[in-house]
Every structure is written in structure tokens, then in C-alpha cells.
Amino acid sequence: MPELRFLAMPARDVTLHDTWYSSGLCGTGSCDMELKDLFVPDEYSFGFINEPPRISRPLYSVPPFGLLTMGVAAVTLGIARRAIDELRALALKKLLMPSRQPLATRAGVQTAVAEAEAQVRAARAMLFESVNSTYAAANRGEISTRNRAELRLACTHAVRASARAVDLMYEAGGGTSVFRSHPLQRCFRDIHTVTQHVMVSAATMETIGSVLLGLETDTTLL
């Protein structure tokens with residue numbers, strides 16, 4: 001596999017191209033960057049794979065891909081929590097026709113809220129458990145392949161569970177969910193943009209499953 005390195009340079013040396021026109025996460029500004037004839041000293045770079053940490057502290061021993069995926073998972077849990085809160089607010093004021101009863105009185109909506117709440121809180125608990133166990137292993141100086149796999153599993157599961165929760169809330173909101181004036185449509189677009197991130201793709205689950213089954217597999221990207 002080719003070496004992957006992160007390079008740090010002054011912002012003034014980078015040209016940003018306005019290319020980020022996505023269906024969701026529009027505010028992240030994940031534009032293309034262009035560099036020309038720029039020399040970056042070695043001390044302003046670091047390897048992303050199989051390079052020992054330069055600082056002997058637990059945080060710097062956590063796998064870089066794990067750190068990156070934790071951020072992805074945190075964002076999705078926040079999106080899902082917003083979707084649940086927005087649906088609850090909507091369900092208490094939106095009236096059904098012809099009964100004029102609140103949407104919250106519909107059994108399907110009640111079930112959807114309960115299931116979404118369980119999905120998000122269970123995924124959040126699993127993520128916290130895995131992050132804590134990984135950090136404890138880093139303190140001992142012995143992060144194993146199993147630790148790396150379980151951390152990525154918790155992160156990927158958090159993304160998938162959050163997407164399911166958002167879908168439930170989006171559907172429960174009915175026609176209101178499709179309007180740009182309502183936050184549920186943004187939650188729907190944002191969450192399904194995150195699910196396309198390479199760090200939480202289906203291929204990640206295949207690698208994790210191989211590790212959990214004790215099979216030989218390429219764990220470079222864990």
C-alpha cells in the first residue's frame with residue numbers, strides 16, 4: 001500500500017476550490033485544495049499508517065483511523081438526537097385530519113420514537129464503552145488489533161443506527177418532513193451523506209467481522 005502522510009502548511013499557501021455541492025452536510029466546506037511547488041519539511045508531516053507516535057501519551061497511541069471515525073460517529077449521533085427532538089416537537093402540535101388529534105396520539109409514531117430513542121442511546125453507550133476501553137489499552141501501551149476492530153465497529157454501528165433513527169423520524173413526520181423549512185429534511189440529507197463516508201462503509205464491517213472471527217485479513221485501515 002502506498003504511504004499516506006498528513007502535511008501541515010500555512011493556509012495562505014493553499015488554494016481552495018469551491019467544489020463542495022452535496023446533498024447534505026453542505027456547511028462542512030469540504031472543498032478541493034490545490035498546492036503548487038510547495039516544500040513541506042518532514043517535521044511538519046506524519047504518517048497515517050504504521051508510524052510510531054512522536055509523543056508518549058495515550059491519546060497519540062490511538063489509531064488515526066479510529067480517531068477519525070469517532071468524529072464521524074459523534075456527528076451522526078448528534079444528527080439523530082436532533083431528529084428525535086424535532087419529531088417530538090412536531091408530533092405535539094401537528095393535528096391529524098379529520099380527528100384533529102395530535103400526531104403524537106398515533107400508535108405508529110409512538111413506536112417510531114421509542115425505537116429511535118433505543119437505537120441512538122444504545123449506539124452511544126456502545127461507542128463510549130469502546131472509546132473508554134481503547135483509551136485504557138493506550139494507557140497500558142497495548143492497543144491490540146481486537147481493540148482497533150471493536151472501536152471501528154462501535155463507530156460504524158453508531159452511524160448506521162443513527163441513520164435508522166433519522167429515517168424513522170423522517171417517515172413519522174409525514175409530509176412536513178419534505179419541506180426545506182423543517183429541520184427533519186436537513187437531518188435526513190445530512191445523515192445519508194455521512195453514511196457514504198469511506199470510514200463507515202460496508203467494507204469496514206467485512207474487515208471487522210474477519211477480525212472477530214479470528215481470520216487472517218488486512219487490518220491496515222483499522
Side-chain angles (χ1 to χ4, degrees), residues 1-9 25 28 30 33 40-82 116-166 190-222:
M1 181 173 179
E3 182 179 9
L4 296 177
R5 299 193 70 78
F6 269 60
L7 309 176
M9 71 286 294
L25 297 180
T28 64
S30 303
M33 296 183 292
V40 179
D42 184 64
E43 58 266 28
Y44 285 86
S45 73
F46 67 92
F48 214 49
I49 299 174
N50 298 327
E51 182 172 308
R54 301 182 187 181
I55 301 176
S56 298
R57 292 172 60 184
L59 177 62
Y60 301 95
S61 299
V62 177
F65 287 118
L67 284 172
L68 173 59
T69 315
M70 275 190 266
V72 176
V75 168
T76 60
L77 289 170
I79 294 171
R81 172 53 56 198
R82 173 73 184 276
E117 187 73 29
Q119 292 276 1
V120 173
R121 293 177 67 177
R124 185 176 184 274
M126 182 181 181
L127 181 60
F128 269 72
E129 177 188 358
S130 184
V131 169
N132 288 334
S133 63
T134 301
Y135 193 77
N139 268 306
R140 298 191 300 269
E142 51 181 35
I143 295 182
S144 65
T145 300
R146 176 90 182 200
N147 288 137
R148 292 161 58 198
E150 290 183 349
L151 177 61
R152 292 295 298 281
L153 175 61
C155 293
T156 304
H157 173 68
V159 173
R160 294 185 170 202
S162 295
R164 287 195 291 272
V166 171
D190 286 348
I191 201 73
H192 284 287
T193 300
V194 183
T195 58
Q196 302 307 105
H197 199 291
V198 66
M199 288 290 98
V200 293
S201 66
T204 301
M205 296 297 277
E206 294 173 13
T207 304
I208 294 167
S210 295
V211 173
L212 298 181
L213 288 168
L215 302 177
E216 290 292 329
T217 188
D218 184 357
T219 60
T220 303
L221 297 182
L222 287 182

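Quick caveat: nothing in here was measured; it's all calculated off a predicted structure.
- Closest of all the heavy-atom pairs between T156 and V200 is CG2-O, 3.8 Å.
- Going from atom CZ of F65 over to atom CG of L4 covers 6.0 Å, rounded to the nearest 0.5 Å.
- T204 places none of its side-chain heavy atoms less than 4.5 Å from the side chain of T69.
- Interatomic distance, CD of E206 versus CG of L215, reported as 12.0 Å (0.5 Å rounding).
- Proximity of a side-chain donor or acceptor of S133 to a complementary backbone N or O of E129 within less than 3.5 Å is detected.
- Put simply, the side chain of R152 never gets that close to the backbone of T207: no donor and acceptor are under 3.5 Å apart.
- At a threshold of 4.5 Å between non-hydrogen side-chain atoms, the residues L153 and S130 do not count as touching.
- T76 approaches A73 most closely through the heavy-atom pair OG1-O, 2.7 Å.
- Distance alone, capped at 3.5 Å, places no donor-acceptor pair between the S162 side chain and the A80 backbone.
- Contact of the M199 side chain with the V159 side chain is not registered, since no non-hydrogen atoms from C-beta on lie closer than 4.5 Å.
- Of the inter-residue distances, the one linking R140 atom CZ with S61 atom OG reads 12.0 Å to the nearest 0.5 angstrom.
- In this structure, CD on E150 lies 12.0 Å from SG on C155, to the nearest 0.5 angstrom.
- For the pair T134 and N147, the tightest heavy-atom approach, listed with the atom from each and the gap, is OG1-O, 4.0 Å.
- M70 has its side chain within reach of L151: a pair of non-hydrogen atoms, C-beta onward, lies under 4.5 Å apart.
- With sequence neighbours excluded, no residue forms a side-chain hydrogen bond (donor to acceptor under 3.5 Å, both in side chains) with T217.
- The closest side-chain heavy-atom distance from R82 to I79 is not below 4.5 Å.
- Using a distance-only test at 3.5 Å, with no hydrogens or angles considered, no donor-acceptor pair links the side chain of R54 to the main chain of Y60.
- Within 6.0 Å of CD in E216 there are 12 or fewer heavy atoms belonging to other residues, nucleotides or ligands.
- Between I191 and A163, the shortest heavy-atom contact is CG1-CA, 3.6 Å.
- Two residues are said to be in side-chain contact when any heavy atoms from C-beta on lie closer than 4.5 Å; D42 and R5 meet this criterion.
- Residue A158 comes nearest to A123 through the heavy atom pair CA-CB, 3.8 Å, listed as atom of the first residue, atom of the second, then distance.
- Enclosure of atom CZ in R164 by more than 12 non-hydrogen atoms of other residues, nucleotides or ligands within 6.0 angstrom is indicated.
- Closest non-hydrogen pair, L25 versus D190, comes out as N-OD1, 2.6 Å.
- With respect to R148, the side-chain contact (heavy atoms from CB on, under 4.5 Å) criterion is satisfied by exactly one of V211, I143, I208, L221: I143.
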Take R81 and E117 through the salt bridge (charged side-chain N to carboxylate O under 4.0 Å, His left out) test and state the conclusion after the steps.
CA-CA 8 Å; R81 172 53 56 198; E117 187 73 29; 3.0 Å; yes
